[in-house]
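Notes follow once the structure below has been shown.
When reading the values below, keep in mind they use all heavy atoms of this one structure, side chains included, and skip hydrogens, waters and symmetry mates. By convention in this document, chain letters (A, B, ...) are assigned in the order of the sequence lines, proteins followed by strands, and residues within each chain are numbered from 1.
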Amino acid sequence: MASPVRVRIAPSPTGMPHVGLFHTFLYNWLYARHTGGQFIVRIEDTDRARAVEGAVEALLEAIRWLGLDWDEGPEVGGPYGPYVQSQRLPLYREHAEQLVAAGKAYYCYCSPERLAVLREQQERAKVPPGYDRRCRYLAPAEREAAAAAASTPPVIRFAVPLEGETTFHDLLRGPITWENRLLDDFVILKSDGYPTYHLAHLVDDHYMRITDVLRGDEWISSTPRHILLYRAFGWEPPRFCHLAPLLGPDGKKLSKRHGATAILDYRDAGYLPEALVNYLAIIGTSYDPEGKREIYSLPELIAAFDLQHINKSGAVFDLRKLDWMNGYYIRQLRQDDLARRLLPFLERAGLQAELAYVERLVPLVQERLTKLADAPALLRFAFVDELDYEAKNLIGKGLTAEASREALAAALELLRDIPEFADAPLEAAMRQLADTVGVKSGQLFMILRWAVTGTNVSPPLFASMEVIGRERTVARVAEALRRLDALIAERGRGGS
RNA sequence: GGCGCGUUCGUCUAGCGGCCAAGGACACCGCCCUCUCAAGGCGGAGAUCGCGGGUUCGAAUCCCGCACGCGCUACCA
């Protein structure tokens with residue numbers, strides 16, 4: 001390759017960074033890493049009306065959380081900075097005026113009101129909407145009069161060639177041709193002095209030496225304008241690759257109304273960054289020539305990434321597959337690693353614990369978790385002694401209250417006396433006890449499950465007992481016995 | 001309306017003229033394992049490759065129409 005690949009992601013800070021952005025982010029990033037090129041982050045904050053406080057910070061935080069990075073951009077700087085467009089304003093004005101001086105752009109004094117009326121008329125007349133180029137043909141005297149009459153500063157519009165067509169080559173889709181007459185004279189510098197995307201991204205891409213633009217396919221129809229602008233400046237355009245969007249379940253472009261789309265929400269819900277990266281990377285493309293493998297570490301993704309295998313059509317973001325993948329990644333984690341990651345989720349649920357204790361809990365839940373945030377519900381019993389359940393649950397399925405009580409009482413004895421209070425011996429002893437008492441082991445176990453964990457869905461019973469220890473187990477079973485006795489007594493008195 | 005892009009199981013994908021009466025993954029169903037829930041193992045159902053024409057000995061793969069979906073059509077990106 002002639003020169004190293006330089007790609008960029010150029011988000012506008014108008015909200016919390018979401019999965020769609022990171023899908024595009026990842027493709028750019030992987031492309032840069034695969035080719036040994038550079039990856040740049042540039043903040044496109046030229047829309048002052050839609051700016052959102054904290055969006056840039058959230059973006060950088062999300063990048064770091066996912067385990068990704070950037071070579072040039074905010075915080076790290078670089079040779080072509082600044083990397084925030086609002087800090088480059090003079091550059092854009094200068095270039096817009098340069099085009100005006102060359103007769104390739106012009107000041108437009110039309111008011112928003114006139115433009116609105118114009119658009120309305122065009123809609124009614126069913127003609128393609130677009131600026132009617134009134135200011136393009138103003139004589140010098142008329143221009144002065146218009147300038148004097150205008151209440152706001154003029155915008156600068158690009159003078160699109162009236163005839164001919166513009167073609168560009170898309171890396172994914174081949175040549176795409178547009179008739180110039182379909183393009184109107186778009187604004188490149190707004191009246192507030194800020195550039196529009198069309199001007200700003202292009203000037204920056206040029207000076208930042210961007211070689212490849214991988215962006216959403218909603219930009220396809222704007223690309224001919226960009227090509228025209230590059231030509232007007234006499235610059236060589238970069239290569240373009242327009243990516244299909246991520247879709248919601250309804251087949252429309254993924255957006256907030258589809259539910260959780262902010263990357264950091266996924267972090268807070270207990271998704272692992274490596275799982276999210278893997279899923280985001282895999283969706284819309286493929287890495288395996290056999291078409292079978294889907295689990296890839298970041299280094300493996302970098303090695304396997306290939307522009308040629310990106311799909312041209314939009315892909316539905318499937319939460320269920322992400323869930324599966326997240327659970328898979330959780331299962332692969334080392335115990336101490338999972339424990340460390342679980343800590344904040346337990347804490348947030350009000351379950352305080354030492355890392356060492358959580359490490360002992362991990363084997364109980366590791367293969368049962370889809371998300372880290374699922375852990376507190378499953379492990380609550382290991383932190384809290386007051387269990388909230390109804391006494392009638394202590395009556396075994398198909399058993400009488402009395403028979404259940406007898407089994408529970410016998411189990412309590414056993415728990416007090418058993419020499420080794422551990423998983424295997426406990427299970428063996430309890431099976432034997434069930435036999436001698438005359439209940440099925442499954443019946444006994446469920447009674448004990450309620451007694452010890454307060455639910456009917458829990459981690460394996462005896463391993464759970466071992467972890468919370470003899471003392472707490474015995475106390476809970478004793479408490480269960482009291483509740484069952486109370487229930488039996490109440491029934492004896494004629495209660496239901 | 002105009003212009004553009006797209007179209008393989010419910011979803012993500014493999015496929016780049018014969019190896020495809022279309023393979024894998026998620027989800028779903030069944031069986032096994034099993035102290036509940038999971039995990040795991042095995043198996044099943046699921047796409048006449050949007051439709052219609054061509055080209056070819058042969059098309060999911062090439063060409064042309066049509067349909068449908070999505071996108072753009074702002075002093076938003």
Summarise how protein sits on nucleotides 18-27 of chain B as a single string, 5' to 3': B when a protein heavy atom is under 4.0 Å from the base, S for sugar-phosphate-only contact, - for no contact. -----BBBSS
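- Across every strand in view, B:C9 sits unpaired, with no contact that passes the Watson-Crick or G-U test at under 3.5 angstrom.
- Between the side chain of A:Ser221 and the base of B:C3, no donor-acceptor pair under 3.5 Å is found.
- The partner of B:A39 cannot be assigned: no Watson-Crick or G-U wobble pair with both contacts below 3.5 Å exists in any strand.
- Taking 4.0 angstrom as the limit, A:Thr196 places none of its side-chain polar atoms (N or O) nearer than this to OP1 or OP2 of B:C76.
- If you find the closest nucleotide of RNA chain B to A:Val457 and to A:Lys126, the one lying nearer the 5' end belongs to A:Lys126.
- Using the Watson-Crick or G-U wobble rule with both distances under 3.5 Å, B:C33 pairs with nothing in any strand shown.
- For A:Arg331 and A:Tyr329, the positive end is not near the middle of the six-membered ring at less than 6.0 Å and at most 45° from its axis.
- OP1 or OP2 of B:C70 lies within a sub-4.0 Å distance of a side-chain N or O belonging to A:Lys252.
- Here the CG atom belonging to A:Asp318 is positioned 12.0 Å from the CG atom belonging to A:Leu247, to the nearest 0.5 angstrom.
- The side chain of A:Lys190 contributes an N or O atom lying less than 4.0 Å from OP1 or OP2 of B:C76.
- If A:Gln85 and A:Lys253 are placed on RNA chain B by their nearest nucleotide, the residue sitting closer to the 5' end is A:Lys253.
- Residues A:Tyr287 and A:His309 keep their aromatic ring centres 6.0 Å or farther apart.
- Partner assigned to B:C70 is B:G4, using Watson-Crick or G-U wobble distances below 3.5 angstrom.
- A:His201 pairs by the ring pair (Phe, Tyr, Trp, His ring centres under 6.0 Å) definition with A:Tyr197, A:His226, not counting sequence neighbours.
- Pair assignment for B:G52: B:C64, on the basis of Watson-Crick or G-U wobble contacts that are both within less than 3.5 Å.
- Among all heavy-atom pairs drawn from A:Gln87 and A:Pro82, the shortest one is OE1-CB, 3.4 Å.
- Non-hydrogen atoms lying under 4.0 Å from RNA chain B are contributed by A:Arg173, A:Ile176, A:Trp178, all within residues 172-180 of chain A.
- Counting non-hydrogen atoms under 4.0 angstrom, A:Ser191 reaches a base of the nucleic acid.
- If you check every strand for non-hydrogen atoms under 4.0 Å, A:Ser286 touches sugar and phosphate atoms only.
- Phosphate contact (OP1/OP2 of B:G6, side-chain N/O of A:Asn311, threshold under 4.0 Å): absent.
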